[in-house]
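Worksheet: the structure to be examined is printed underneath.
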Number of protein chains: 2
Amino acid sequence: MRAHNLALVLQTVANSTNQPSRAAVSAATGLTRATVSALVDDLVAGGLLVEVDPPPRTGAGRPAVGLTLTSTGPAGLGLEINVDYLAACVVDLTGAVRQRFVEHADQRPADPARALATLGALAARARLAAEADGLTVAGAALAVPGLVAGGGLVRVAPNLGWQDIDAVAELHRVPELAGLPVTVDNEANLAALGELRVTGGDPTFLYISGEIGIGAGLVLDGELYRGVRGWSGEIGHVTVYPDGRPCRCGSRGCLEQYAGQEALESGEPLAAAALGIALSAVVNLLDVPVIVLGGAYAPIFERLREGIEAELRQRVLTSGLAPVVLRPAALGADAAMRGAADAIIRAVRENPATWLRRSSERYA
Amino acid sequence: MRAHNLALVLQTVANSTNQPSRAAVSAATGLTRATVSALVDDLVAGGLLVEVDPPPRTGAGRPAVGLTLTSTGPAGLGLEINVDYLAACVVDLTGAVRQRFVEHADQRPADPARALATLGALAARARLAAEADGLTVAGAALAVPGLVAGGGLVRVAPNLGWQDIDAVAELHRVPELAGLPVTVDNEANLAALGELRVTGGDPTFLYISGEIGIGAGLVLDGELYRGVRGWSGEIGHVTVYPDGRPCRCGSRGCLEQYAGQEALESGEPLAAAALGIALSAVVNLLDVPVIVLGGAYAPIFERLREGIEAELRQRVLTSGLAPVVLRPAALGADAAMRGAADAIIRAVRENPATWLRRSSERYA
DNA sequence: GCCAAATAATTCAACCACTAAACAATTTCG
DNA sequence: CGAAATTGTTTAGTGGTTGAATTATTTGGC
């Protein structure tokens with residue numbers, strides 16, 4: 001119960017645009033001022049919240065002391081490995097990017113262990129720089145373009161040529177990362193989480209990422225839906241033309257063949273229509289009101305828009321009742337890495353009690 | 001916290017196959033025997049649990065007194081209106097069907113108010129019979145073949161010819177139902193909930209219901225996913241052949257044109273393949289491990305199976321890693337009505353504290 | 001310039017719900 | 001018949017919340 005209320009208070013402060021006082025938090029949560037005070041004291045002592053100078057005066061009464069998330073405290077390490085670059089970033093509790101390292105290089109010639117060692121070195125630099133800056137890296141998340149099983153095992157990443165790679169074990173070989181909790185997730189899933197942070201108002205949307213392959217991340221009611229085995233979002237292999245072009249997955253007429261990066265670069269005329277057909281299926285099935293176009297789609301959003309919307313108007317049963325909103329991704333190529341870092345601090349925000357216990361043990 | 005633990009204890013008893021003792025519940029939940037005892041006493045006093053004679057003796061020690069859900073207590077009233085019948089049933093807390101009334105008649109000539117008045121009369125009979133039997137109807141849910149907005153408003157039910165009908169208001173005109181909380185939901189959604197109860201082990205599956213139209217109910221982690229506006233599950237209008245037959249929804253190549261009841265009756269050779277294509281999209285997007293075929297599909301399951309599975313094998317990216325399980329629906333035509341009644345008792349089970357408060361007020 | 005009103009935050013006694021441990025009740029087994 | 005086993009209850013203790021009173025700090029009227 002304490003844990004639940006600590007999280008409630010922390011989230012209330014986090015989701016507030018201004019710097020709320022204890023009294024404001026009390027009003028927003030329904031908890032007593034006395035309770036909020038006690039909880040806030042714990043969060044301040046544990047280094048998750050800091051008191052700041054009162055905001056602009058307003059009326060009579062004792063001035064409020066504002067509360068805000070600390071910028072020296074737990075941080076998330078976001079990692080990404082993709083076909084043509086490696087990247088690492090550190091994001092603090094407020095969501096600000098504090099460190100950012102990108103290394104462009106084609107990963108396909110390198111074997112997985114080599115690539116992960118290089119990424120590990122990048123991650124180590126990011127971690128050390130962040131900790132010199134007063135942050136404590138609470139964990140890391142790695143975005144990969146492929147199917148991930150539980151426990152950090154990459155089952156298959158076609159465009160990297162990977163198969164059954166234990167990415168966590170490889171990263172843990174780097175001394176500076178040993179012992180750090182590391183999770184691995186699909187690139188589109190994490191990019192969707194990154195957008196969720198920026199998107200603000202929309203708790204339910206589909207993020208679709210056009211790279212060499214096409215992936216999607218589905219956010220339902222503010223939660224990423226990963227599927228039972230973590231293999232959701234494979235929109236690239238949704239059939240749009242049942243007897244269409246053969247795909248290297250063994251099927252025919254996959255979206256990827258018409259709207260993947262290679263098709264786009266060769267000026268495929270069916271790209272927008274194919275996207276529209278596949279997205280209509282998503283909306284008909286899930287009643288998703290917002291679709292975010294990311295990856296290679298973001299820069300050519302305006303060029304795709306009309307073609308996609310025409311299909312949605314025709315093929316979505318409820319399009320007459322409420323139109324589907326189409327939007328380009330706000331974060332660019334950093335979305336997956338940012339989402340990865342965000343996943344870590346999201347965990348701290350959702351379970352501050354765990355962090356407080358850990359940080360009190362550090363000094364014991 | 002009390003509320004949470006009451007629910008925990010009640011669910012533990014409900015999900016148990018035998019009649020567990022207080023000690024067994026304590027072991028299953030991790031709560032103390034003392035706490036469980038206190039909670040169970042409340043639930044027994046509130047008329048949700050009853051004590052039964054100890055089960056078969058086993059070993060030494062004081063004999064346990066078994067616990068089970070009451071069969072005289074809160075009950076759910078499930079209602080269904082469909083193209084060719086009206087139905088009402090009452091299900092008690094244990095999930096047993098205690099009353100069941102079905103009236104076959106083509107609803108299309110009747111206007112909505114007339115049809116709902118007839119259904120209301122059926123519902124009133126069911127309610128009175130149930131209450132004479134010691135039950136207390138806690139609420140009602142209505143299944144309709146159409147799109148439902150919040151507040152019981154049926155936006156459109158094409159096969160009934162309905163548009164913007166306030167079904168709750170119509171039902172409340174019946175004196176015996178006045179004041180009873182009534183919700184309205186899509187038929188396939190509620191049928192999926194009905195299957196969930198019977199299905200037991202699978203908390204995540206897609207239920208697909210083949211009637212005149214084709215609807216789907218999506219259950220994710222034991223929860224029905226309704227979509228932001230409650231319009232999820234419109235799989236009948238997922239495109240399977242982009243330039244295919246025109247559909248009365250205004251689109252082309254909708255699944256409904258190839259696998260709806262009319263197509264099935266005319267021996268459509270593409271039915272299984274079309275279903276397989278649409279279902280592959282669902283699995284690629286959501287990583288759903290189980291698909292339940294209901295409605296008109298259930299009796300011809302074996303005839304459809306191979307055709308659907310062939311498409312799934314080809315078109316689902318992860319079909320090589322873990323096959324998709326295909327199953328016929330366990331409940332027949334009663335699924336939606338049962339699911340509707342189930343939704344009511346599910347609410348009581350998930351929030352027994354509310355019920356206890358209500359029932360204590362009844363005697364105050 | 002001072003006092004009343006207003007607002008923020010803390011203190012403190014009371015209370016609710018859970019836990020742990022002792023205890024009472026009821027059986028089986030040697 | 002008594003020891004061991006097992007269920008269920010009682011009792012004291014604890015963590016965490018509430019509500020009321022208290023303290024702190026400002027604005028504004030006179």
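Naming: A, B, ... by sequence-line order, numbering from 1 per chain.
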- Message: Can you build the contact string for nucleotides 3-9 of chain D? Use B for base contact, S for sugar-phosphate-only contact, and - for no protein heavy atom under 4.0 Å.
- Response: --BBBBS
- Message: Salt bridge or not between R226(A) and D287(B)? Use side-chain N to carboxylate O under 4.0 Å.
- Response: no
- Measure from the side-chain N and O atoms of D202(B) to the backbone N and O of T204(B), and report whether any donor-acceptor pair falls under 3.5 Å. no
Using atom types as modelled, flag every donor-acceptor pair under 3.5 Å from a side chain in residues 66-78 of chain A to any protein atom, sequence neighbours excluded.
| unit_1 | atom_1 | unit_2 | atom_2 | d |
| --- | --- | --- | --- | --- |
| T70(A) | OG1 | T72(A) | N | 2.9 |
| T70(A) | OG1 | T72(A) | O | 2.9 |
| T70(A) | OG1 | T72(A) | OG1 | 3.4 |

- Message: By the salt bridge (Lys or Arg N to Asp or Glu O under 4.0 Å) test, which pairs, at least two apart or in different chains, include something from residues 343-356 of chain B?
- Response: D342(B)-R346(B)
- Message: Using whole Å, what does the distance between atom P of nucleotide dC16(C) and atom CG of D42(B) come to?
- Response: 13 Å
- Item | With E51(A) via salt bridge (Lys or Arg N to Asp or Glu O under 4.0 Å) - residues at least two apart | R22(A)
Give every pair of a protein N or O atom and an N or O atom of nucleotides 14-16 of chain D that lie under 3.5 Å apart, one pair per line with the distance.
none

- Task: To the nearest Å, give me how far apart NE2 (H4(A)) and P (dT17(D)) are.
- Result: 11 Å
Which pairs of donor and acceptor atoms, one on a side chain in residues 27-34 of chain B, lie under 3.5 Å apart (sequence neighbours left out)?
| unit_1 | atom_1 | unit_2 | atom_2 | d |
| --- | --- | --- | --- | --- |
| T29(B) | OG1 | V25(B) | O | 2.9 |
| T29(B) | OG1 | S26(B) | O | 3.4 |
| T29(B) | OG1 | L31(B) | N | 3.2 |

- Item | Where L177(A) and A123(A) come nearest, the two heavy atoms and their spacing | CD1-CB, 3.9 Å
- Query: At their closest point, which heavy atom of V137(A) faces which heavy atom of E131(A), and how far apart are they?
  - Reply: N-OE2, 3.0 Å
- Query: Over how many whole Å does the gap from L31(A) atom CG to dA9(C) atom C1' extend?
  - Reply: 16 Å
